[in-house]
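These values consider heavy atoms only, across backbone and side chains, with no hydrogens, waters or symmetry-generated copies.
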Number of protein chains: 2
Amino acid sequence: MEDLTEMLKGTLEGCVLEIIAGEETYGYAITRRLNDLGFTDVIDGTVYTILLRLERNGLVQVAKRRSEVGPPRKFYTLNEAGRRELATFWSKWEYVSSRIDRLKEAGR
Amino acid sequence: MEDLTEMLKGTLEGCVLEIIAGEETYGYAITRRLNDLGFTDVIDGTVYTILLRLERNGLVQVAKRRSEVGPPRKFYTLNEAGRRELATFWSKWEYVSSRIDRLKEAGR
DNA sequence: TAGTGGTACCCGGTAGTACGAGGTACCAAC
DNA sequence: GTTGGTACCTCGTACTACCGGGTACCACTA
């Protein structure tokens, strides 16, 4: 599936939040996870900008730890504000996607 | 539901295409339709920019007709390219929304 | 020990989209 | 003749994902 970038706007950040909520993880691994989920064209640069935004907005806690296979990793965890943000993301998603699905069903 | 604007990026144009596919209609009515569908904060300026884009991209046919209750209306119909674009929009939507739903389900 | 490949992070600039805030104009009714 | 609803448009802004590039750690090997 090519060129999903416009459709991912506004949802990719929520996906990253959800992945972090699932387990403490780091940028490179998040990119891989998104690619495995089917968002094959999402690149690391995009993920890092999202992570920096999350940090700037005070939604995550960051811990830098050394790795044995490369440079140090920055591990991310959701704080209370991040969990709230994730909850509102899912409620927005529920709201929008249900209405779009309804429009789709109506048209056939 | 407030501030859905980021999440609507990339999907609003598809919604407009679907509405036009349903029946020949015009900008002001499309805005009302979107508001009724639950996208209460979508304003006419946004819809008109989308319609001009559709026209510029050769996806619609336009017919100006006078109204009895106000200024003339520009009625839009999908052409063949527009129907193809609508189909690819729905397939992208299916792809993206199913994967996001899967991510959501996995996380609980 | 120079080179390669995988891991891991970041930055500056660009494109695309929805929105905000205005403006113009037609028509009916009071 | 002013108000309110209808109907269109335009310019600038904010936000987000992407692109292309750079830096650096580590293991392996020619």
Side-chain angles (χ1 to χ4, degrees), chain A residues 1-17 24-35 39-57 59-60 62-76 85 89 92 96 100, chain B residues 1-17 24-35 39-57 59-60 62-76 85 89 92 96 100:
Chain A
M1 186 67 54
E2 83 275 25
D3 204 17
L4 303 174
T5 93
E6 289 307 324
M7 202 173 276
L8 290 179
K9 285 186 178 176
T11 60
L12 206 49
E13 177 177 316
C15 292
V16 171
L17 281 171
E24 187 187 40
T25 181
Y26 56 100
Y28 191 79
I30 293 170
T31 308
R32 294 300 184 84
R33 182 77 201 288
L34 287 168
N35 295 151
F39 305 118
T40 53
D41 292 347
V42 173
I43 59 175
D44 62 350
T46 298
V47 174
Y48 289 119
T49 56
I50 291 174
L51 290 172
L52 290 172
R53 190 162 70 229
L54 295 179
E55 190 177 354
R56 193 176 61 241
N57 294 348
L59 304 176
V60 290
V62 190
K64 197 170 197 171
R65 302 205 198 97
R66 57 185 305 279
S67 160
E68 294 173 356
V69 295
R73 300 165 174 168
K74 283 178 70 177
F75 284 86
Y76 292 84
E85 182 67 23
F89 166 72
K92 281 187 188 180
V96 169
I100 291 178
Chain B
M1 186 67 54
E2 83 275 25
D3 204 16
L4 302 175
T5 95
E6 290 308 323
M7 201 173 277
L8 291 179
K9 285 187 178 174
T11 60
L12 206 49
E13 177 176 315
C15 292
V16 170
L17 281 171
E24 188 187 38
T25 182
Y26 56 99
Y28 190 79
I30 293 171
T31 307
R32 293 301 184 83
R33 182 77 202 289
L34 286 168
N35 295 151
F39 305 118
T40 53
D41 293 346
V42 173
I43 59 174
D44 62 350
T46 297
V47 174
Y48 289 118
T49 56
I50 291 174
L51 290 172
L52 291 172
R53 190 162 70 229
L54 295 179
E55 190 176 356
R56 194 175 60 239
N57 293 349
L59 304 176
V60 290
V62 190
K64 196 169 196 171
R65 301 204 199 98
R66 56 185 306 279
S67 160
E68 294 173 356
V69 296
R73 301 165 173 167
K74 283 177 68 177
F75 285 86
Y76 292 85
E85 181 67 22
F89 166 73
K92 281 186 189 180
V96 169
I100 291 179

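- Here the shortest heavy-atom pairing between A/Tyr26 and A/Tyr76 reads CA-CD1, 4.4 Å.
- One can place CG of B/Leu34 at 15 Å from P of D/dA7, the figure rounded to the nearest angstrom.
- Protein atom CG of A/Asn35 is 15 Å distant from nucleotide atom P of D/dA17, rounded to whole Å.
- Rounded to an integer number of Å, the gap from A/Ile43 CD1 to D/dA17 P is 12 Å.
- Taking atom CZ of residue A/Phe39 and atom C1' of nucleotide D/dC18, one finds them 16 Å apart after rounding to whole Å.
- A/Leu8 comes within contact range of the sugar-phosphate backbone alone, with a heavy-atom separation under 4.0 Å but no base atom that close.
- Protein chain B touches strand DNA chain C; the 5'-most and 3'-most nucleotides with an atom under 4.0 angstrom of its non-hydrogen atoms are C/dG16 to C/dC27.
- For the pair A/Glu24 and A/Arg65, the salt-bridge criterion is met [side-chain N within less than 4.0 Å of a carboxylate O].
- Distances shorter than 4.0 Å separate some side-chain N or O of B/Tyr26 from OP1 or OP2 on D/dA7.
- The phosphate of D/dA14 (OP1 or OP2) has no side-chain N or O of B/Thr5 nearer than 4.0 angstrom.
- In this structure, the NZ atom of B/Lys64 is 9 Å from the P atom of D/dC8, given to the nearest Å.
- If you measure from atom CD1 of A/Ile50 to atom C1' of D/dA17, you get 8 Å, rounded to the nearest angstrom.
- Taking atom CZ on A/Arg66 and atom P on D/dC26, their separation rounds to 6 Å, with Å as the unit.
- At a threshold of 4.0 angstrom between heavy atoms, the contacts of B/Leu12 are confined to the sugar-phosphate backbone, with no base atom among them.
- Rounded to an integer number of Å, the gap from B/Tyr28 OH to D/dC9 C1' is 15 Å.
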- Mind running side-chain contact (heavy atoms from CB on, under 4.5 Å) on B/Val16 and B/Leu51 for me, showing each step along the way? CA-CA 8 Å; B/Val16 170; B/Leu51 290 172; 4.0 Å; yes
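- When each of A/Pro72 and B/Asp44 is assigned the nucleotide of DNA chain C with its nearest heavy atom, A/Pro72 is the one assigned upstream, toward the 5' end.
- B/Arg32 comes within 4.0 angstrom of the backbone, heavy atoms only, and of no base.
- Across the interface with DNA chain D, nearest-nucleotide mapping of A/Arg53 and A/Ser67 shows A/Arg53 to be the residue nearer the 5′ end.
- The two residues B/Thr31 and B/Val47 come nearest to each other via the heavy atoms OG1-CG2, 3.4 Å.
- Closest to the side chain of B/Thr49, from the set D/dT16, D/dT10, D/dC9, is D/dT10.
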- Task: Report the C-alpha separation of A/Lys74 and A/Glu55 in whole Å, then their side-chain angles, then the decisive distance to 0.1 Å, and conclude whether the side-chain contact (heavy atoms from CB on, under 4.5 Å) test is met.
- Result: CA-CA 11 Å; A/Lys74 283 178 70 177; A/Glu55 190 177 354; 3.6 Å; yes
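- Among the atoms of the strands shown, base atoms are found under 4.0 Å from some heavy atom of B/Thr46.
- At a threshold of 4.5 Å between non-hydrogen side-chain atoms, the residues B/Met1 and A/Val96 do not count as touching.
- When each of B/Gly45 and A/Arg56 is assigned the nucleotide of DNA chain D with its nearest heavy atom, B/Gly45 is the one assigned upstream, toward the 5' end.
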- Could you go through the side-chain contact (heavy atoms from CB on, under 4.5 Å) check for B/Leu34 and B/Thr46 one step at a time? CA-CA 11 Å; B/Leu34 286 168; B/Thr46 297; over 6 Å; no
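- Take the nearest nucleotide of DNA chain C for A/Lys74 and for A/Lys9: the residue whose nucleotide is more 5' is A/Lys74.
- At least one side-chain heavy atom of A/Leu54 sits under 4.5 Å from a side-chain heavy atom of A/Leu17.
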